[in-house]
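Written below as structure tokens is the structure these notes are about.
Quick note on labels: first sequence line is chain A, next is B, and so on, each numbered from 1. What you see below is based on every heavy atom in this structure, not just the backbone, and it leaves out hydrogens, waters and symmetry mates.
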Protein chains: 2
Amino acid sequence: MARLPVYLRALTALAERGIRTCSSEDLAAAAGVNSAKLRKDLSYLGSYGTRGVGYDVDYLRYQIAREIGVTHDWPVVIVGIGNLGHALANYSGFRSRGFRVVALLDADLERTGELVAGVPVRPFDDLEAIASEHSVAIGVIATPAAAAQDVADRMVAAGVTSILNFAPAVISVPEGVDVRKVDLSIELQILAYHEQRKAHEHARDEHPDLPEMPAVVGGDQ
Amino acid sequence: MARLPVYLRALTALAERGIRTCSSEDLAAAAGVNSAKLRKDLSYLGSYGTRGVGYDVDYLRYQIAREIGVTHDWPVVIVGIGNLGHALANYSGFRSRGFRVVALLDADLERTGELVAGVPVRPFDDLEAIASEHSVAIGVIATPAAAAQDVADRMVAAGVTSILNFAPAVISVPEGVDVRKVDLSIELQILAYHEQRKAHEHARDEHPDLPEMPAVVGGDQ
DNA sequence: AGGAGTTTGTGAACGCGAGAACAAAACGAG
DNA sequence: CTCGTTTTGTTCTCGCGTTCACAAACTCCT
Ligand SMILES: NC(=O)c1ccc[n+]([C@@H]2O[C@H](COP(=O)([O-])OP(=O)(O)OC[C@H]3O[C@@H](n4cnc5c(N)ncnc54)[C@H](O)[C@@H]3O)[C@@H](O)[C@H]2O)c1
Ligand SMILES: NC(=O)c1ccc[n+]([C@@H]2O[C@H](COP(=O)([O-])OP(=O)(O)OC[C@H]3O[C@@H](n4cnc5c(N)ncnc54)[C@H](O)[C@@H]3O)[C@@H](O)[C@H]2O)c1
């Protein structure tokens, strides 16, 4: 389930506030979901709650971490150390949430040797050696879109079976390899869409006799 | 629909390859979705296709852009010019997809005046003046989690009605304000989850008599 | 010990989106 | 003009995820 990490973060926040036990209502509020949904999600992992009492925060935290698989660190490689790659390499949140950046790779040899957050940038061709040495299963693509498919192919060939792709390109991979795509432009465009609909709503509130969909400008051609 | 930006990007890619017209099958393949779903999504916008022929790429591109609301540029402010804020400010993809960064804000006055991608960093307290001057409706939060709620409150007070939040914190906003959250750690954790399940699958393939869920270590307490 | 009050775990209804299948429409050939 | 081909727009069904509602179970107080 994609919601488990959200629960884990909410539990960590509760633990940091010294809270030792919590009800499904509390946790659901902290995670921003319905309490019935949360209970059903948790019951899928097993019966870790106590009726009439609630959940033990630390115990549940460990169980969810175990289910997700972040009780030990996962080695990660980042490919493409440009603007975004630098930010990712400097991000401390990965380390504290179960991930360890074992290598930074870039095709631009001028970047080789540069230290980012204490990790040296290495040539992209070192990928295979690094991946097999550290048993890397997770790779991050932060290269331009044009290079994304090539990088993904090389990663898969080197034994990577999970890819986080920041490039705005659809990449295809063999069966058994997971890809997740993060596309910041699309997030903004979705906001713009809702923003525009708010503006329309507003216009119609003030001029209720306007049609909902105005005539298309720039018609057929 | 959250898929419209994906279609728009696929159409742009087709247009750049000189393709003037395409069928729903073609476009669906480029966008990585089912063709029936794509046709249903497009029919929700109106009847912009021609039976027996397909869709005119440029015409459909304009219609989708109009529906999303990116036929004109949206002004955007970015708050928190640290690692991530720098990367976002330098990202050219925003500009080319309908967004214009009108201001970079940071509470750290030592950053004031620094130029990032030609835009100067300004004090966070300039938010209200900038927002009203440029009619900013969209704000990006790239501050630490502890500051996210405060920044969001100030943004809302300044008239921002859509927020893209990169901080790992649940922020609450009044009715009518949209928030989208991008959480990179959660993306990685979801990959780790699948990765772990692959490892389990594999272990069970080799030792089919192991139970599916091993006994819980660290039992009750 | 027993009852009152809480809170979990789950069975059942509901709603919604996805996909298959088909009818309507446009185009071209003869 | 008519028929066959292609492709859209739409209807229908199926399955899944969400949510409600309630019984089981645990604690605490008397
Ligand atoms: N910067 C952002 O905030 C941002 C936001 C959203 C999406 N993106 C996407 O992330 C990707 C990277 O963005 P960026 O701003 O860091 O770009 P960038 O140009 O600053 O960095 C790209 C890096 O990738 C390296 N590279 C190029 N081809 C390579 C290859 N074949 N193998 C290995 N490395 C290679 C380049 O040498 C460069 O260092 C782009 O696809 C961009 O669209 C960036
Ligand atoms: N760096 C990454 O790749 C990355 C990845 C995922 C998530 N994030 C999240 O994005 C956020 C920023 O990350 P970062 O690495 O850029 O951190 P950072 O510490 O480098 O930058 C944070 C910036 O915010 C400014 N700031 C702090 N409080 C502020 C306030 N009240 N108002 C305005 N500005 C304020 C600071 O001066 C600093 O410049 C964090 O919440 C982090 O968890 C970062």
Side-chain angles (χ1 to χ4, degrees), chain A residues 1-8 10-11 14 19-64 67 170 181 186 190 193-194 197 212-213 216 219-221, chain B residues 1-8 10-11 14 19-64 67 170 186 190 193-194 197 213 216 219-221:
Chain A
M1 277 301 169
R3 284 184 297 268
L4 289 181
V6 182
Y7 301 158
L8 184 56
L11 281 168
L14 292 178
I19 296 171
R20 308 293 298 257
T21 192
C22 72
S23 70
S24 62
E25 297 279 353
D26 299 338
L27 184 52
V33 300
N34 182 292
S35 69
K37 177 157 52 175
L38 179 131
R39 285 200 300 276
K40 190 160 273 189
D41 287 344
L42 294 187
S43 75
Y44 170 75
L45 309 186
S47 280
Y48 294 137
T50 307
R51 299 177 188 213
V53 177
Y55 300 92
D56 182 285
V57 173
D58 283 334
Y59 181 49
L60 186 58
R61 212 145 70 100
Y62 171 72
Q63 293 299 338
I64 293 181
E67 179 75 14
V170 178
K181 192 176 149 192
I186 286 185
I190 293 171
Y193 171 76
H194 289 120
R197 290 182 74 92
E212 174 138 4
M213 181 171 289
V216 174
D220 340 293
Q221 45 138 353
Chain B
M1 277 301 172
R3 284 185 297 271
L4 288 181
V6 181
Y7 301 157
L8 184 55
L11 281 168
L14 291 177
I19 297 171
R20 308 292 298 258
T21 192
C22 71
S23 70
S24 62
E25 297 278 354
D26 300 337
L27 184 52
V33 300
N34 183 292
S35 70
K37 178 157 52 173
L38 179 132
R39 286 201 299 277
K40 190 174 283 186
D41 287 344
L42 294 186
S43 76
Y44 170 74
L45 309 187
S47 281
Y48 295 136
T50 307
R51 299 177 187 215
V53 178
Y55 299 92
D56 181 284
V57 172
D58 282 335
Y59 181 50
L60 185 57
R61 211 145 70 99
Y62 172 72
Q63 293 298 338
I64 293 183
E67 179 75 14
V170 178
I186 286 185
I190 292 171
Y193 172 77
H194 289 122
R197 291 182 73 93
M213 182 170 290
V216 173
D220 340 294
Q221 45 138 355

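- Heavy atoms only, all atoms of each residue included: A:Ile19 and A:Val57 are closest at O-CG2, 3.5 Å.
- At whole-Å resolution of the value, CZ in B:Arg39 and P in C:dG19 are 12 Å apart.
- Nucleotides of DNA chain D lying under 4.0 Å from heavy atoms of chain B occupy a range whose first and last members, 5' to 3', are D:dT6 to D:dC12.
- For A:Ala28 against A:Ser35, the heavy-atom pair with the smallest separation is CB-CA, 3.6 Å.
- The OH-P distance, from B:Tyr48 to C:dA26, rounds to 17 Å in whole Å.
- With rounding to whole Å, A:Leu45 atom CG is found 13 Å from C:dG9 atom C1'.
- The minimum heavy-atom distance between A:Ile186 and B:Pro5, with the atom names listed, is CG1-CB, 3.8 Å.
- When the local axes at the two ends of the helix from C:dA1-D:dT30 to C:dG30-D:dC1 are compared, using 5 base pairs at each end, they differ in direction by 0° after rounding to 10°.
- Between the CE atom of B:Met1 and the C1' atom of C:dA18 there is a distance of 11 Å, given to the nearest Å.
- Across all their heavy atoms, B:Tyr55 and B:Arg39 have their closest contact at OH-CG, 4.0 Å.
- The minimum heavy-atom distance between A:Ile190 and B:Ala2, with the atom names listed, is CD1-CB, 3.9 Å.
- For B:Lys40 against C:dG17, no side-chain N or O and base N or O form a donor-acceptor pair under 3.5 Å.
- Nearest heavy-atom pair, A:Tyr48 versus A:Gln63, reported as atom, atom and distance to 0.1 Å: OH-OE1, 3.2 Å.
- Distances shorter than 4.0 Å separate some side-chain N or O of B:Asn34 from OP1 or OP2 on C:dA20.
- Nucleotide C:dT6 holds its P atom 14 Å from the CG atom of A:Asp26, rounded to whole Å.
- Checking B:Leu42 against A:Lys37, the closest nucleotide of DNA chain D that is more toward the 5' end is the one next to B:Leu42.
- OP1 or OP2 of C:dT6 has not a single side-chain nitrogen or oxygen of A:Tyr55 nearer than 4.0 Å.
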### Message
Set out, in order, the CA-CA distance, both residues' side-chain angles and the distance that settles side-chain contact (heavy atoms from CB on, under 4.5 Å) for A:Leu60 and A:Leu27, then state yes or no.
### Response
CA-CA 11 Å; A:Leu60 186 58; A:Leu27 184 52; 4.1 Å; yes
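- Straight-line distance from the CG atom of B:Asp41 to the P atom of C:dC16: 16 Å, rounded to whole Å.
- Residues B:Gly52 and A:Gly52 each lie close to DNA chain C; by heavy-atom proximity, the contact nearer the 5' end of the strand is made by A:Gly52.
- As a whole-Å value, the separation of A:Arg51 CZ from C:dG9 P is 6 Å.
- Expressed to the nearest 0.5 Å, how far CZ of A:Arg3 lies from CG of A:Asp41 amounts to 4.0 Å.
- Nearest-nucleotide positions on DNA chain D place A:Ala36 closer to the 5' end than the other of A:Ala36 and A:Val53.
- Annotation: side chain of A:Leu42 is in contact with side chain of A:Tyr7 (closest heavy-atom distance under 4.5 Å).
- The phosphate of C:dG9 has OP1 or OP2 within less than 4.0 Å of a side-chain N or O from A:Ser47.
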